[in-house]
Amino acid sequence: MATVSTDLNYLQGKKGLFSWIFSVDHKRIGLLYLYALITFFLVGVTLGILMRLELLNPGKDLLEAQTYNQIFTLHGVIMIFLFIIPSIPAVFGNFFLPIMLGTDDVSFPRLNLLSWWIYIIGAIMALSTLIFGDGPADTGWTFYAPYSVKTGTNVTMSVLAAFVLGFSSILTGLNFIVTIHRLRTPGMTFLKMPLFAWALYATSWIQLLATPIIGITLMMIVAERFFGVGLFDPSIGGDPILYQHLFWIYSHPAVYIMALPAFGIISELLPTFARRTIFGYKAIAFSSLAIAFVGYFIWGHHMFTSGMSGTGRFIFSILTFLVAIPTAIKVFNWVATLYKGSIHVHTPLLYALAFIFQFMIGGFTGLLLGALATDIHLHDTYFVVGHFHYVMFGGTGFAFFGALHYWFPKIWGKMYNAKVANTAFTLLFIGFNTLYFPMLIAGLMGMPRRYYDYLPEFHLPNMISTFGSWILAVGLILMLGNLIYAYFKSKEKPGRNPWGGITLEWQTQSPPPVQNFDRMPELPKNGPYDFEHKPTIKE
Amino acid sequence: MEHASGFVLPNSGHNRDAEASKMGMWLFLFTELLLFGGLFIVYMVYRMINHEAFLLSSFELDVTMGTINTVVLLVSSMTIAMSITAIQKGNIKLSVNLLYATLAAAIIFMVIKYFEWSSKIHHGLFPGMDYYESLPKGEGLFFYLYFFMTGLHALHIIIGAVIIGVVIYRTKKGLVTSEKYTLTENAGLYWHLVDLIWIYLFPLFYLIH
Ligand SMILES: [Cu+2]
């Protein structure tokens with residue numbers, strides 16, 4: 001093996017663009033993902049704010065109906081395929097999984113780099129619809145047939161982009177599964193792994209087992225547009241319901257690709273800031289697997305109103321309710337972890353608490369959508385939009401920001417201004433809830449989603465919602481500004497372990513050296529959160 | 001990788017790990033199976049809806065050619081399995097020759113496929129052609145799925161052939177040895193999968209009457 005001659009950290013050493021975009025170091029690849037993801041996230045946010053501006057008042061103000069349709073589609077495609085699906089695994093999984101397992105890289109470092117490149121190619125394809133062809137798709141991110149077969153916009157390219165991005169996601173998942181099986185440090189059994197690793201493990205299996213289905217389904221859409229053969233378009237002999245089944249067989253499990261890693265983050269943050277072992281380690285670990293497993297069989301709940309037998313609806317509804325059980329197990333365990341803990345309130349903990357609050361609203365509203373009677377009323381209303389954003393943004397998004405604040409000192413060896421970070425958090429929290437809670441109410445009142453206009457009786461919730469989007473935007477700018485400022489200007493050296501965590505990443509230098517550890521990491525005696533027998537971490 | 005202080009981590013992602021490579025390959029094969037799985041679902045659904053039409057159309061396919069191709073693939077699966085045994089025993093020359101035999105089988109398969117496809121296209125059965133458009137919808141779907149699924153399978157044959165070519169090249173250069181033959185094993189796994197998928201495609205299109 002190559003010998004590294006100095007004790008340089010991973011940020012030092014080779015310099016220049018090429019040393020980054022062709023790096024096989026999992027830490028550098030994680031950061032490559034981070035920079036790309038944040039960029040696409042900001043594009044998606046901008047599109048979202050544009051939509052909210054259009055919806056500030058009833059009637060057409062800013063955007064044509066067609067433009068609005070294209071914008072909400074692109075917003076969905078970017079946020080789902082470019083941001084939230086890769087988000088936590090690609091950035092923090094890549095950076096921290098090997099460190100938390102006590103090894104120096106993933107099992108297939110070159111494949112890891114390839115995944116990033118495939119991701120970038122897919123991203124360029126998705127964004128190219130803005131410039132080339134007949135404009136971005138206007139179908140919604142679900143690409144429902146038959147409209148996706150008929151519309152003149154550039155559906156083909158968007159769909160191909162989603163296919164390519166899926167491939168990147170599969171390769172990352174494959175890499176993580178093998179890494180977890182093969183590279184755990186001696187003494188770390190499966191049941192002594194950090195819960196973040198467990199969450200990534202369950203996520204990776206879903207990525208592997210669900211993504212190929214959407215891949216082939218999207219290929220069928222492309223072929224149908226190309227050859228005009230009706231697999232899904234009823235006017236040429238196809239079955240649009242079949243498309244919906246195939247689409248949701250992937251896309252419902254995909255919701256857990258987005259949510260499970262966030263659960264993993266929360267399970268790391270709470271023990272560290274409560275200075276106490278996690279309550280119900282096994283329950284949390286296995287409930288991830290249970291969610292992954294049951295989540296595979298409940299896709300039909302997206303189709304209660306599109307033509308399905310009574311029996312089918314009944315079964316899908318019951319199974320959907322079943323998922324609530326392992327999810328609730330996690331929430332109870334998290335809350336129990338805080339109980340009688342020695343709670344240290346820092347910015348990452350605030351994000352974790354906001355996660356629990358917002359994810360619970362997202363989860364409960366999900367139950368209303370999974371119940372047959374209420375779903376008939378709520379289907380395709382703003383209630384769905386509100387629910388979805390509570391889960392994805394209020395849940396995964398906030399967990400992502402929490403993780404960013406938690407590991408910032410480890411990744412860069414610098415510290416941000418805590419006061420500004422807390423202010424930004426407060427703005428984000430208020431902005432988020434002002435933005436999305438009114439959507440739940442507008443949906444209950446019956447406002448349909450995906451229109452650029454609405455009836456005057458929906459004016460108030462829409463107005464409040466748009467105000468919320470401004471608060472949220474200010475919060476985002478403040479949060480990112482604070483971190484970027486710290487990156488360039490911070491003089492504060494946080495040391496190895498600023499938060500008093502005991503998982504392995506806190507035992508190494510900040511930033512970590514190229515091979516991740518400068519001395520053998522020490523495992524706590526009884527599992528990863530054993531604060532009773534915590535290893536002493538010398539600087 | 002070693003540190004200046006002389007400290008070396010016990011597990012490294014940069015170490016050679018044959019188990020890991022094979023595990024990775026198996027996981028990848030799962031995804032391939034599911035990729036075709038989506039198509040099998042579509043096939044099943046449309047076969048149930050258009051039972052008669054699928055039955056009628058399946059008589060248009062050439063069972064003899066299909067059978068020959070099945071035999072060719074089965075034999076090739078055997079030759080690549082034998083090639084792995086040969087390399088395990090250190091017989092590099094035999095291993096390479098068996099890989100060549102597998103490659104030849106891949107080429108024979110593609111040539112036969114070419115003749116099959118061209119005769120179908122000659123009869124105007126490819127989507128978009130006049131005769132195809134005049135067919136009843138069920139029969140059209142049959143041929144569409146036939147081209148889609150066998151086409152995707154043929155693509156996998158080509159990829160497999162390229163992989164086998166790489167294995168031959170690397171074995172000849174001495175990079176694959178009786179100590180280090182994961183590459184051959186992985187190529188074998190992939191090739192068996194391609195074979196396996198054909199074993200399902202063949203009865204679905206040619207045999208079920
Ligand atoms: Cu769902």
Side-chain angles (χ1 to χ4, degrees), chain A residues 1-7 24 26 98 101-109 111-112 170-171 173-175 177-179 181-186 208-217 219-220 223 227-231 236-239 242 245-246 249 513-521, chain B residues 1-46 49-50 53 126-129 132-133 135-141 143-145 147-149 151-152:
Chain A
M1 253 0 299
T3 306
V4 185
S5 58
T6 57
D7 279 300
V24 292
H26 67 103
L101 297 180
T103 179
D104 71 341
D105 212 321
V106 290
S107 270
F108 308 115
L111 191 68
N112 203 14
I170 288 176
L171 293 181
L174 186 153
N175 219 337
I177 293 178
V178 178
T179 306
H181 274 280
R182 301 294 303 169
L183 293 180
R184 279 169 289 121
T185 194
L208 216 61
L209 297 181
T211 318
I213 308 273
I214 189 88
I216 197 68
T217 308
M219 283 303 101
M220 287 187 244
F227 294 116
V229 183
L231 281 183
I236 43 178
D239 181 356
L242 181 62
H245 275 293
L246 290 168
I249 286 177
V514 176
Q515 80 149 7
N516 289 350
F517 292 95
D518 52 344
R519 55 187 184 225
M520 191 62 198
Chain B
M1 266 188 263
E2 197 178 312
H3 222 251
S5 51
F7 166 67
V8 180
L9 275 170
N11 290 334
S12 163
H14 299 270
N15 290 345
R16 192 163 68 80
D17 182 354
E19 278 300 304
S21 314
K22 263 191 281 180
M23 191 187 279
M25 191 43 140
W26 274 105
L27 293 173
F28 181 69
L29 295 187
F30 283 163
T31 68
E32 288 278 17
L33 271 182
L34 283 158
L35 192 76
F36 278 93
L39 283 167
F40 284 133
I41 293 175
V42 172
Y43 175 92
M44 193 184 76
V45 168
Y46 284 120
I49 299 174
N50 308 292
F126 196 78
M129 291 179 140
Y132 178 90
E133 296 301 328
L135 284 175
K137 277 186 181 131
E139 291 180 38
L141 275 172
F143 285 107
Y144 177 71
L145 285 171
F147 280 115
F148 198 130
M149 292 168 81
L152 189 64

Testing the basics here: between [X] and [Y], what is the closest heavy-atom pair and its distance to 0.1 Å?
X        : Y        : result
A/Ser107 : A/Thr179 : N-OG1, 2.9 Å
B/Leu34  : A/Pro212 : CB-CB, 3.8 Å
B/Phe126 : B/Tyr132 : O-CB, 3.3 Å

Check each atom of [X] against the heavy atoms of chain B and say whether the ones under 4.5 Å are side chain, backbone, both or neither.
X        : result
A/Leu209 : both
A/Leu111 : neither
A/His26  : neither
A/Leu242 : side chain
A/Ile170 : side chain
A/Thr217 : neither
A/Val178 : both
A/Asp239 : both

Below 30° counts as parallel, above 60° as perpendicular, anything between as tilted: where do the rings of B/Phe40 and B/Phe36 land? tilted

Student check: side-chain heavy atoms of A/Asp105 and B/His14 closer than 4.5 Å: yes

Counting C-beta onward and ignoring hydrogens, is there a side-chain heavy-atom pair between B/Asn50 and B/Glu139 closer than 4.5 Å? no

I'd like to verify something: which residue of [options] has the highest number of heavy-atom pairs under 4.5 Å with chain B?
options                                : result
A/Gly173, A/Gly215, A/Pro109           : A/Pro109
A/Leu174, A/Ile213, A/Val24            : A/Leu174
A/Leu231, A/Ile214, A/Leu246           : A/Leu231
A/Asn175, A/Leu171, A/Leu208           : A/Leu208
A/Gly238, A/Pro521, A/Ala210, A/Pro186 : A/Pro186

Ignoring hydrogens and angles, tell me if any N or O in the side chain of B/Tyr46 forms a donor-acceptor pair with the backbone of B/Gly138 under 3.5 Å. no

Check whether B/Leu33 gets within reach of chain A through its side chain, its backbone, both or neither, counting any heavy atom under 4.5 Å. neither

Quick check on B/Phe28 against chain A: is it the side chain, the backbone, both or neither that has a heavy atom closer than 4.5 Å? both

Among the options B/Gly37, B/Gly24, B/Pro127, B/Ser21, pick out the one with the most heavy-atom pairs lying under 4.5 Å from chain A. B/Gly24

To the nearest 0.5 Å, atom CG of A/Leu183 lies from atom CG of B/Asn11 at 5.5 Å

Starting at CD1 of B/Ile41, measure out to CD1 of A/Ile249 and round the result to the nearest 0.5 Å. 4.5 Å

Side chain to side chain donor-acceptor pair (under 3.5 Å) filter on B/Asp17, not counting sequence neighbours, yields A/Arg182

